[in-house]
Amino acid sequence: MKKTTGLGEFLRMRRSQLQPADVGLQDFGERRRVPGLRRDELAQLAGVGLSYYTRLEQGLSLNASPEVLDALARALDLDEVERAHLHDLAAGASRRTGTRRRAAPERAGEMTQQLLAAFGDAPAIVLGRRSDVLAWNRTGHSLFAGHLDPHIPDQPDRRPNTARLVFLDAHTRDLYVEDWPKKARDVVGKLRLAAGQHPDDPRLAALIGELTMKSPEFATMWSEHRVRKWDLATYRLHHPLVGRMQLNLQTLNVPHADGQRIVVATAEAGTGSAAALSLLARAGLPSGERSRRVSGGSALSDR
C-alpha cells in the first residue's frame, strides 16, 4: 500500500466506473479505448487542467487544494464518505515521509471497559482502527467468536481481527453465511477508510497485504476502491448454538480514542431472534447463575 499511489489509484478506479451518460456527457457511440470517463472528460467536468489532473493520477503532484479535491469529488459524484476519503488520501500523499512508524499496541481504556460491561447481556465488542478486537463482553465473545479463547483480546500479538475472521476463518463465514458478501464489502470499505486515514501504519499495511495474498475475494473487493462507514447494519446470522437470527449491529465511536468503536448487537423485541440472543446469553453462564435466572423468571418465552 504505497501512499504515493493511493490517491492516483482511487481517482483512476472511480473514473473508470463512470460512463459519460452518468455525468451528463453526450455519447456519440464511438468506440472508447478506456473503460469509463477519459482523463480529459473528468478534468473538464472538474474545471482543472488536463496536465495537472494527469499529474495527480500519476502521483507527481502532491498538493491538491481542498477546492480542487471538492471539484473532483463533484465530478466523480462521490458521496460524503467518499469525499472525506479523497481528502484523507491527498493529505497522506502530501505529508509522505518515506518511513512508517510502529505505533504502540492499541488498548481499550478503563472507561471503555466500564461502558462495555454496562451493556450487560447485549453482545458488544470494542474494535480498534485496524478492526482488531480490543475487548468483548461475555455474550459478544459467544456471538462473534465463541470458538476462540475468550482472553485472546488481552494479547496484542494474537488478537482476532474482524477482517481476517470474515475472509479467512471458516466459523465466521458460516456465521454470516446468508449475508457474507454484504458483511465482506462492509469490512473492506471500512479498511479502505482506515488506510486513507492512517497511511503510515505498518500493521494495517501488513494486514491488507496478507488478506490480498490469501483471499482472492478480498483482493477483488479491495481493487474496487469502495469505501463504507456504516453505523447501523442488519445481518442474517446462523449461530451454531442458537440457530438463525436477524440482528442489528450498531457502532458507537469511543471518545478520545483514535479510531476505536464499540459494536453492539440487538434484535427486535418479541422475535425469535431476541429469544435466540437471550438463550445465547444464558448459555455461557456458570450453572449456578443460570439456574438463578431461570428460577427468577428469566427463562425464554416460546418462539
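As a basis for the values below, the full set of heavy atoms in this structure was taken, side chains included, without hydrogen atoms, waters or symmetry mates.
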Counting neighbours of [atom1] on [X] that are heavy atoms of other residues, nucleotides or ligands and sit closer than 6.0 Å, is the number greater than 12?
{"X": "M111", "atom1": "CE", "result": "no"}
{"X": "R39", "atom1": "CZ", "result": "yes"}
{"X": "Q44", "atom1": "CD", "result": "no"}
{"X": "E110", "atom1": "CD", "result": "no"}

If only atom types and distance count, is the side chain of [X] paired as donor or acceptor with the main-chain N or O of [Y] below 3.5 Å?
{"X": "H171", "Y": "P240", "answer": "no"}
{"X": "D179", "Y": "K182", "answer": "no"}
{"X": "D149", "Y": "H151", "answer": "yes"}
{"X": "T162", "Y": "S131", "answer": "yes"}
{"X": "R12", "Y": "E57", "answer": "yes"}
{"X": "R138", "Y": "A281", "answer": "yes"}
{"X": "D121", "Y": "S278", "answer": "no"}
{"X": "H141", "Y": "L148", "answer": "yes"}
{"X": "Q17", "Y": "E224", "answer": "yes"}
{"X": "Q260", "Y": "R107", "answer": "yes"}

Could you tell me the separation between the [atom1] atom of [X] and the [atom2] atom of [Y], rounded to the nearest 0.5 Å?
{"X": "R74", "Y": "L69", "atom1": "CZ", "atom2": "CG", "answer": "10.5 Å"}
{"X": "H239", "Y": "Y176", "atom1": "NE2", "atom2": "OH", "answer": "10.5 Å"}
{"X": "D40", "Y": "S51", "atom1": "CG", "atom2": "OG", "answer": "12.5 Å"}
{"X": "R164", "Y": "K214", "atom1": "CZ", "atom2": "NZ", "answer": "7.0 Å"}
{"X": "T112", "Y": "R261", "atom1": "OG1", "atom2": "CZ", "answer": "13.5 Å"}
{"X": "E82", "Y": "R226", "atom1": "CD", "atom2": "CZ", "answer": "6.5 Å"}

ILVMFWY cluster, Y235 and L277 together (side-chain gap under 4.5 Å): yes
Path from L165 to M245 over hydrophobic side-chain contacts below 4.5 Å: no
Any side-chain donor near an acceptor of the partner, R55 and Q58, under 3.5 Å: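 On atom types as modelled, these side chains do not qualify, holding no pair under 3.5 Å.
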Electrostatic pair E178-R244, nearest N-O below 4.0 angstrom: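 Looking at R244 together with E178, the answer is yes, because their closest N to O distance falls below 4.0 Å.
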Presence of salt bridge, E106 and R203, under 4.0 angstrom: no
Considering all heavy atoms, the nearest [X]-[Y] contact:
{"X": "G6", "Y": "L89", "answer": "O-CD1, 3.8 Å"}
{"X": "N137", "Y": "G140", "answer": "OD1-N, 2.7 Å"}
{"X": "D201", "Y": "R129", "answer": "OD2-NE, 3.1 Å"}
{"X": "P153", "Y": "V133", "answer": "CB-O, 3.5 Å"}
{"X": "A75", "Y": "L18", "answer": "O-CD1, 3.8 Å"}
{"X": "L37", "Y": "L42", "answer": "CD1-CD1, 4.4 Å"}

Ring centers of F167, W180 separated by less than 6.0 Å: yes
Side chain to side chain contact (heavy atoms under 4.5 Å, CB included) between R192 and R228, worked out: CA-CA 8 Å; R192 268 289 175 195; R228 295 188 182 186; over 6 Å; no
Could you list the donor-acceptor pairs under 3.5 angstrom formed between side-chain atoms of residues 247-257 and any protein atom two or more places apart in sequence or on another chain?
from: N248; atom 1: OD1; to: T234; atom 2: OG1; distance (Å): 2.7

Test log, rule side chain to side chain contact (heavy atoms under 4.5 Å, CB included), inputs E67 and D70: CA-CA 5 Å; E67 292 77 17; D70 285 340; 5.8 Å; no
Step-by-step side chain to side chain contact (heavy atoms under 4.5 Å, CB included) determination, D174 to H238: CA-CA 7 Å; D174 288 344; H238 186 268; over 6 Å; no
V187 vs F218, side chain to side chain contact (heavy atoms under 4.5 Å, CB included): CA-CA, chis, key distance, verdict: CA-CA 10 Å; V187 165; F218 177 88; 5.8 Å; no
